[in-house]
Asks: 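To start, I am sharing the structure in question, which I have written as structure tokens.
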Amino acid sequence: MTVVGIVIVSHSKQLALGVQELAAQMVQGKISLAVAAGVDDPTNPLGTDPIQVYQAISSVFSEDGVIVLMDLGSALMSAEMALEFLLPAQRDKIYLCDAPLVEGAIAATVAASTGKNIQEVLREAQGSLLAKSHQLNLIAHPLHNDSNSIDGTVPPEELRIQIKNRLGLHARPAAQFVATACRFEAKIQVQNLTRNTEAVRGDSINQVATLGVRQGHELLITARGRDAREAITALQSLIIHNFGEQDPVLELPTHPISPLPDNPGQFTGIAASPGIAIAPVVHYQLAPVSITEYHIENVEIEWQRLQHAIQRAKQEITMLLSHASVQIGDAEAAIFDAHLLFLADPVMLDAVRRYIIEDRLNAEAAWQAVVEEVTNSYRQLEDAYLKERVDDVVDVGRRVLRILSGNLPTELHISEPSIVVGTDLTPSDTAKLDPSKVLGICMTAGSATSHSAIIARTLGIPAVVGVDSQVLTVENGTVIALDGEGGKVWIEPEGSVLTALETKRQIWQTNQAEARNKAHQPATTRDGQRIHVFANIGSVADAKAAVGYGAEGVGLLRTEFLYLEQIKPPTEEEQLQVYQDIAQILGERPLIIRTLDVGGDKQIPYLGSTLKETNPFLGVRGIRFCLEHPYLLKTQLRAILRASANHHIKIMWPMISTLTELRAAKSILNQSMAELKKDGVEFDAKLPVGVMIETPAAVAIADHLAKEVDFFSIGTNDLSQYVMACDRTNPKVANLTDALQPAVLRMIQQTVEAAHAANIWVGLCGEIAAETLVAPILIGLGIDELSTNPQAIAPLKQVISQLTITESQVLARVALNQDSASRVRELVYPIG
């Protein structure tokens, strides 16, 4: 997090201390504030001293910068003289601010507490009088700046294009559209010509999403500005490639299923997620968030309160995104990217700002008013699917209100296998469910296409929604059964119902087994080359799913799931049990366990320092964190080693950038082996060890790394962001982190060549492995093993069986010579 220091320079020590106290109370002492005020003269204490200013600056100095606020006269001269005592490198970090002392100090302190950078804090301080000017009717709209207004005198760049992806501009494609639009300076507007809508701003997630764009609808996109043509080209590429969406459909053979018998305690709802569940009831109810509307005096402070709450909400959603990526995969977790964009929607924020400034509403009431306006705009849409996106708006809206009101987040704690019954589940709550404890979901609201239902299906939790509200009267602990395919629920089902449900469960499992029969066969190209297809998993349940989908092993076990939702690290015994359970499920199949990889977008608060970094992706993450905390790494390694006895387990180090890191990690592994051997504990003494290739540094020294390990696994998600120098969690540049960028493909090629020269194999476990149409390029580059989410295994194996190595190598050579990722995609994705 950015940490900006603040210094208050005044002739009066009492005045400066008062300003310091007032500013500090606004942020509960979270920001470094120093005072340089008065002089050591009892007769005439008013004045300023350059040495005092220098000492104050030194006490709060930060690489992120220091802002110095002054009252008048000699305060400015003293501040300027104080800079002469600093080193040139430090001097460049100091900013003398011309803002008024009291208002500027408060505005700067509040802005700094939200993590704003030095330039943003300066702007807040310099604009601190705007609210007061507005109150005194000196200016009209101090905080409203429609930066997206269109200059009608400049001819726009235009694009008419049809949307072809199956569900149109639902939340995730809308988020990608907005993120792409925000990359450019051009002012972008978009219309739904099919529905004859008005043009809306292309940088507003809610305005774009509420256009009601479905498959087959035609858009008119206009852009004005210096880079308008580039913006139109980027949006055209995004739409042509269906926002990266694929809809592989796994056809299931059908067998007749006898109708289930009626029962007095039977309810019919909407089938939302297939499967049969029988378990006791646990009721779930969202804690109400009540707000009080009142008149405010200081609009600037109220606006900063809201900004602070939004920043906290972003932090929570970012952590949820990390958790969801582990639990359900990056593709489905992208639902929460839209939540982040909602909080940054300029149209919505402008509306909230007007309520605070013009109507003088408190932050809670202003936020709630705008959230209701947005939800009503969704509800008025004719399209049923887009109407359901209102759940995401409500989810985010409640989060901010809860933070404003000072309430802690509510958690659903379930210790025994149960069926959750309630009115509705938010996407946030659904993503945190544990499928081993939550066997089913029964809700009185919702639909089969809501994001909560999508997440439930990904987690493999049967769900029925839209059930009669009488189900809410069922007592906790009552056994119920639900059929997620038929959309039925039984309260205390009779024996005949239980028998029928068990029969249906068996038939369902048989159907799936038949459909995936081919997926259990090896993936071999037409010219006889074997390509191993493994699964990326993050839980014991994932391991079961992977085997069911035909995985030949686990290419990546993300062990972070053991540390999430905990208050302390898992013990050696706890980890051992999980690793043994997964290895037992896999049988003879290999299990590659990645050691703890935290930092970047995977934050675990109780593990400490990663939350305080300015740029976590370039900080102490992956192997760096583990080497700083060797006791954590040794605990994990001992558990993995113990589990390796009689199992096919391999260890993989994340984020390796130097030989020193690799050797240090191997040293701790050797120490762990020696300790276990001394204690007479069995383990695989020849346990294979590999490294993740995720940084350009690792690629550059791949020939040296290959001499010290047994295999490589290329993590294209991180490799892409580091090669392309952009944060993959930042929506404005995330589209640049495409593994099909020619620069990334060349890194993959270089890694493979180094590995094969050393006679070790190379896997790839990034999200790109799930894109079946890209498989020829990856195989043509020489990848030996692909590891992907379990659901993608069957279609991936089918594609591999249709390829030849020679054809794939030709395609890979052509891809390497393209000038952009979009050009590479044109080679493999059909257009039209």
Asks: Minimum heavy-atom separation for Val3 to Ser62, with atom names?
Replies: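 Heavy atoms of Val3 and Ser62 come nearest at O-OG, 2.6 Å.
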Asks: Compare all side-chain heavy atoms of Leu220 with those of Val190 and state whether any distance is below 4.5 angstrom.
Replies: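 No; the side chains remain at least 4.5 Å from each other.
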Asks: So, Asn192 side chain and Thr197 main chain: donor-acceptor pair closer than 3.5 Å or not?
Replies: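 No; zero donor-acceptor contacts below 3.5 Å.
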Asks: Will you find, in the side chains of Ser428 and Thr426, an N or O donor that is under 3.5 Å from an N or O acceptor?
Replies: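 No pair is found: no donor N or O on one side chain lies under 3.5 Å from an acceptor on the other.
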Asks: Under the side-chain contact (heavy atoms from CB on, under 4.5 Å) rule, what do Gln189 and Val200 come out as? Steps first, then yes or no, please.
Replies: CA-CA 5 Å; Gln189 291 193 322; Val200 302; over 6 Å; no
Asks: Donor-acceptor pair, Arg746 side chain versus Leu816 backbone, under 3.5 Å?
Replies: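 Confirmed, Arg746 side chain pairs with Leu816 backbone.
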Asks: Taking the side chain as everything from C-beta on, heavy atoms only, tell me whether Val774 gets closer than 4.5 Å to Val824.
Replies: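 Val774 does not reach Val824 side chain to side chain.
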Asks: Without swapping roles, check the side chain of Ser820 against the backbone of Arg823 for a donor-acceptor pair under 3.5 Å.
Replies: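 Side chain of Ser820 to backbone of Arg823, a donor-acceptor pair under 3.5 Å: yes, one is there.
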Asks: Determine, for Asp345 against Arg201, whether the closest basic-nitrogen to carboxylate-oxygen distance falls under 4.0 angstrom.
Replies: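 No, this pair does not count.
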Asks: Under a 4.5 Å cut-off applied to non-hydrogen side-chain atoms, are Ile783 and Ile748 in contact?
Replies: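 A side-chain contact under 4.5 Å exists here.
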Asks: Just by distance, no angles: are the side chains of Glu372 and Gln368 close enough, under 3.5 Å, to form a donor-acceptor pair?
Replies: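 Present: a donor and an acceptor within the cut-off.
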Asks: Show, in sequence, the C-alpha distance, side-chain angles and deciding distance for Gln721 and Asp718, and conclude whether the side chain to side chain donor-acceptor pair (under 3.5 Å) test is met.
Replies: CA-CA 5 Å; Gln721 76 166 341; Asp718 272 318; 2.8 Å; yes
Asks: Is any side-chain heavy atom of Val371 closer than 4.5 Å to one of Val394?
Replies: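 Of all side-chain heavy-atom pairs linking Val371 with Val394, none is under 4.5 Å.
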Asks: What are the two closest heavy atoms between Leu719 and Pro696, and how far apart are they?
Replies: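 Taking every non-hydrogen atom into account, CD1-N, 4.1 Å.
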Asks: Would you give the length of the straight line joining atom CG of Asn717 to atom CE of Met692, rounded to the nearest 0.5 angstrom?
Replies: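 Rounded to the nearest 0.5 Å, the CG-CE separation comes out at 8.5 Å.
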Asks: Contact between Leu803 and Glu807 at the side-chain level, heavy atoms closer than 4.5 Å - yes or no?
Replies: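 The answer is no; the side chains never approach within 4.5 Å.
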Asks: Does the gap between the ring centers of His339 and Phe336 come in under 6.0 Å?
Replies: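 Yes, the ring of His339 comes within the 6.0 Å limit of the ring of Phe336, centre to centre.
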Asks: Distance from Tyr95 atom OH to Gln119 atom CD, nearest 0.5 Å?
Replies: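 If we round to the nearest 0.5 Å, Tyr95:OH and Gln119:CD are 5.0 Å apart.
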Asks: How far apart are the closest heavy atoms of Ala775 and Val799, and which atoms are they?
Replies: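 Taking every non-hydrogen atom into account, CB-CG1, 4.2 Å.
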Asks: Using a strict 4.0 Å threshold on nitrogen-to-oxygen distance, state whether Glu63 and Lys93 make a salt bridge.
Replies: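 A salt bridge links Glu63 with Lys93.
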Asks: For the atom pair CZ (Phe177) and CD1 (Ile239), what is the distance rounded to the nearest 0.5 Å?
Replies: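 Phe177 CZ to Ile239 CD1: 5.5 Å, rounded to 0.5 Å.
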Asks: Within the side chain of Gln162, is there an N or O that forms a donor-acceptor pair under 3.5 Å with the backbone of Gly216?
Replies: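 Yes.
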Asks: Once you round to the nearest 0.5 Å, how far does CZ of Arg354 lie from CG of Leu361?
Replies: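 Taking CZ in Arg354 and CG in Leu361, the distance rounds to 13.0 Å.
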Asks: Can you tell me how far apart CG (Leu764) and CG (Leu786) are? Round to the nearest 0.5 Å.
Replies: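 Answer for the CG-CG pair, Leu764 versus Leu786, is 6.0 Å.
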Asks: Okay, side chain of Glu302, backbone of Ala363: is any donor-acceptor separation there less than 3.5 Å?
Replies: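 Yes, Glu302 side chain to Ala363 backbone: donor-acceptor pair under 3.5 Å.
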Asks: Judged by atom type as modelled, is there a donor-acceptor pair below 3.5 Å linking the side chain of Arg226 to the main-chain atoms of Glu185?
Replies: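 Judged by distance alone, no pair lies under 3.5 Å.
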Asks: CD of Glu694 to CE of Met655: how many Å apart, nearest 0.5 Å?
Replies: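 If I round to the nearest 0.5 Å, the distance is 5.5 Å.
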Asks: Is there a donor-acceptor pair closer than 3.5 Å between any side-chain N or O of Asp227 and the backbone N or O of Glu230?
Replies: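 Checking the backbone N and O of Glu230 against the side chain of Asp227, no donor-acceptor pair under 3.5 Å is found.
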Asks: Distance-only, no hydrogens or angles: does the Thr194 side chain make a donor-acceptor pair with backbone N or O of Glu218 under 3.5 Å?
Replies: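 Yes: the side chain of Thr194 pairs with the backbone of Glu218.
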Asks: Between Arg402 and Glu316 (salt bridge meaning N to carboxylate O under 4.0 Å), is one present in this structure?
Replies: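 Yes, Arg402 and Glu316 are salt-bridged.
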Asks: With a 4.5 Å limit on heavy-atom distance, are the side chains of Glu198 and Gln191 in contact?
Replies: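 No. Closest side-chain heavy atoms not under 4.5 Å.
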Asks: Compare all side-chain heavy atoms of Thr788 with those of Leu796 and state whether any distance is below 4.5 angstrom.
Replies: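 Yes, at least one pair of side-chain atoms sits under 4.5 Å.
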Asks: Determine, stepwise, if the pair Gln307 / Gln311 fulfils side-chain contact (heavy atoms from CB on, under 4.5 Å).
Replies: CA-CA 6 Å; Gln307 289 292 87; Gln311 187 63 31; over 6 Å; no
Asks: Treating His308 as the side-chain partner and Arg305 as the backbone partner, does any N or O pair qualify as donor plus acceptor under 3.5 Å?
Replies: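 Not at all, since once roles are kept as given, no pair shorter than 3.5 Å links the two residues.
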Asks: Could you go step by step and tell me if Leu306 and Ile310 meet the side-chain contact (heavy atoms from CB on, under 4.5 Å) rule?
Replies: CA-CA 6 Å; Leu306 179 62; Ile310 289 174; 4.0 Å; yes
Asks: With side-chain contact (heavy atoms from CB on, under 4.5 Å) as the criterion, how do Leu219 and Leu193 come out once you've worked through the C-alpha distance, each side chain's angles and the decisive distance to 0.1 Å?
Replies: CA-CA 6 Å; Leu219 299 185; Leu193 296 178; over 6 Å; no
Asks: Please report the closest heavy-atom contact between Leu343 and Leu349, naming both atoms and the distance.
Replies: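 The pair with the smallest heavy-atom distance is O-CD1, 3.8 Å.
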Asks: For Ile356 and Ala366, which heavy atoms make the closest approach, and how far apart are they?
Replies: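 Looks like CG1-CB, 3.7 Å.
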Asks: Tell me the closest heavy-atom pair linking Ala815 and Leu827, and the distance in Å.
Replies: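 Scanning both residues, the minimum pair turns out to be CA-CD1, 3.7 Å.
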Asks: Using modelled atom types only, decide if a donor and an acceptor are shared between the side chain of Asn536 and the backbone of Cys765 within a distance under 3.5 Å.
Replies: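 Looks like yes, one N/O pair under 3.5 Å.
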Asks: Considering only heavy atoms from C-beta outward, does the side chain of Val699 approach that of Ile693 to under 4.5 Å?
Replies: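 Side-chain contact under 4.5 Å: yes.
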